[in-house]
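For reference, the structure discussed in these notes is given below.
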Amino acid sequence: MTDPISDFLTRLRNASKARLEDCVVPHSRLKEAIAAILRDEGYVTGFSTGTDERGHKTLIVKMKYANGAPVITGLDRASTPGRRIYKRYTEIPRVLNGLGISILSTSKGLMKDADCRRNKAGGELICNVW
């Protein structure tokens with residue numbers, strides 16, 4: 001797998017469209033940090049770690065729905081392994097005029113766009129969520 005973050009976002013997108021209760025993905029600290037931001041922003045109910053039948057560590061994300069409709073309506077991978085996108089804190093785009101969030105990888109860790117502007121920290125634009 002060349003882009004595990006893109007795979008994670010695709011699995012979340014597919015799980016929300018299929019209205020699944022859980023989304024199980026291979027574990028990494030970066031994916032866990034993205035899931036924590038999504039939980040804090042109210043896009044998913046929560047997440048936990050577990051193991052699969054082979055003993056590999058997995059991340060189990062609990063999907064969230066409002067009146068039967070998925071809360072996550074869109075996930076967009078911005079930076080890819082072949083094309084990294086870096087933004088200064090003044091250049092971070094607003095997603096749907098502030099209704100969505102951008103997730104950035106900064107020197108201070110993974111942050112959403114509002115925290116990056118507040119802390120004046122730029123970095124690699126990982127994804128946009130709305």
Side-chain angles (χ1 to χ4, degrees):
M1 184 181 320
T2 57
D3 191 3
I5 301 304
S6 180
D7 177 64
F8 173 58
L9 296 175
T10 300
R11 288 184 192 211
L12 285 177
R13 189 180 315 113
N14 291 342
S16 70
K17 287 184 179 179
R19 289 176 170 66
L20 298 179
E21 186 177 323
D22 297 331
C23 179
V24 181
V25 296
H27 182 273
S28 76
R29 289 184 300 169
L30 185 60
K31 292 176 194 174
E32 190 171 346
I34 292 172
I37 291 174
L38 292 176
R39 180 200 58 209
D40 294 341
E41 290 299 307
Y43 288 104
V44 296
T45 304
F47 65 93
S48 61
T49 57
T51 56
D52 61 2
E53 62 276 353
R54 294 183 180 172
H56 298 122
K57 198 170 180 183
T58 59
L59 184 67
I60 303 159
V61 181
K62 304 282 184 193
M63 304 305 291
K64 186 174 182 179
Y65 301 95
N67 299 327
V71 174
I72 295 176
T73 57
L75 282 167
D76 181 31
R77 176 81 157 120
S79 187
T80 63
R83 182 187 55 127
R84 303 288 187 188
I85 298 174
Y86 297 96
K87 299 288 184 181
R88 293 188 194 124
Y89 76 95
T90 56
E91 299 172 344
I92 298 172
R94 291 194 168 278
V95 179
L96 289 180
N97 206 15
L99 295 177
I101 62 167
S102 294
I103 298 177
L104 287 92
S105 175
T106 68
S107 60
K108 300 174 185 176
L110 231 55
M111 294 183 181
K112 62 179 187 157
D113 53 355
D115 293 338
C116 288
R117 289 186 196 99
R118 190 176 309 114
N119 295 329
K120 295 187 177 182
E124 181 183 353
L125 184 62
I126 301 291
C127 64
N128 299 316
V129 184
W130 64 93

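Since this is a predicted model, take the numbers as computed values, not measurements.
- Cluster annotation: I92 is not connected to I101 through the hydrophobic network of ILVMFWY side chains, with a link wherever side-chain heavy atoms come within less than 4.5 Å.
- Using a 4.5 Å heavy-atom cutoff, the side chains of L30 and F8 are not in contact.
- The two atoms that bring T49 and H27 nearest to each other are CG2-CD2, 3.7 Å, heavy atoms only.
- In the hydrophobic cluster analysis, where Ile, Leu, Val, Met, Phe, Trp and Tyr join through side-chain heavy atoms closer than 4.5 angstrom, L59 is grouped together with Y43.
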Requested in this report: Quick one: do D22 and K62 satisfy side-chain contact (heavy atoms from CB on, under 4.5 Å)? Show the steps, please.
Outcome: CA-CA 5 Å; D22 297 331; K62 304 282 184 193; 2.9 Å; yes

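- Both F47 and L9 belong to a common hydrophobic cluster when Ile, Leu, Val, Met, Phe, Trp and Tyr are linked at side-chain heavy-atom distances under 4.5 angstrom.
- Looking at heavy atoms from C-beta onward, S102 lies in side-chain contact with L125 at the 4.5 angstrom threshold.
- M63 places a side-chain heavy atom less than 4.5 Å from the side chain of L12.
- Counting heavy atoms from C-beta on, the side chains of R11 and P26 come closer than 4.5 Å.
- Using a 4.0 Å cut-off between charged nitrogen and carboxylate oxygen, D3 and R77 count as a salt-bridge pair.
- Residue-environment remark: CD (E21) stays at or below the threshold of 12 foreign heavy atoms within 6.0 Å.
- At least one side-chain heavy atom of D76 sits less than 4.5 Å from a side-chain heavy atom of W130.
- The distance from atom OG1 of T73 to atom CG of L99, rounded to the nearest 0.5 Å, is 9.5 Å.
- Between E41 and V129, the closest side-chain pair of non-hydrogen atoms is not below 4.5 Å.
- There is no path of hydrophobic side-chain contacts, each under 4.5 Å, that joins I60 to V25.
- Remark: D113 CG to N128 CG distance equals 8.5 Å, nearest 0.5 Å.
- Distance check, rounded to the nearest 0.5 Å: OG of S16 to NZ of K64 gives 13.5 Å.
- Considering all non-hydrogen atoms of both residues, V61 and A35 come closest at CG2-CB, 4.5 Å.
- With values rounded to the nearest 0.5 angstrom, L104 atom CG is found 9.5 Å from S79 atom OG.
- A distance-only check finds a donor-acceptor pair linking the side chain of T58 to the backbone of G50 [under 3.5 Å].
- The heavy-atom pair separating V71 from A66 by the smallest distance is CG2-N, 4.0 Å.
- Nearest heavy-atom pair, C116 versus M111, reported as atom, atom and distance to 0.1 Å: SG-CB, 3.6 Å.
- Atom OH in Y65 sits 9.0 Å away from atom OG1 in T45 (nearest 0.5 Å).
- Counting non-hydrogen atoms of other residues, nucleotides and ligands closer than 6.0 Å to CZ of R94 gives a total of 12 or fewer.
- Atom-to-atom distance recorded for L110:CG and I37:CD1 is 4.5 Å, nearest 0.5 angstrom.
- Summarising the local packing, CZ of R88 is surrounded by 12 or fewer heavy atoms from other residues, nucleotides or ligands at distances under 6.0 Å.
- At a threshold of 4.5 Å between non-hydrogen side-chain atoms, the residues I5 and K31 count as touching.
- Of all heavy-atom pairs between L75 and R13, the closest is O-NH2, 3.1 Å.
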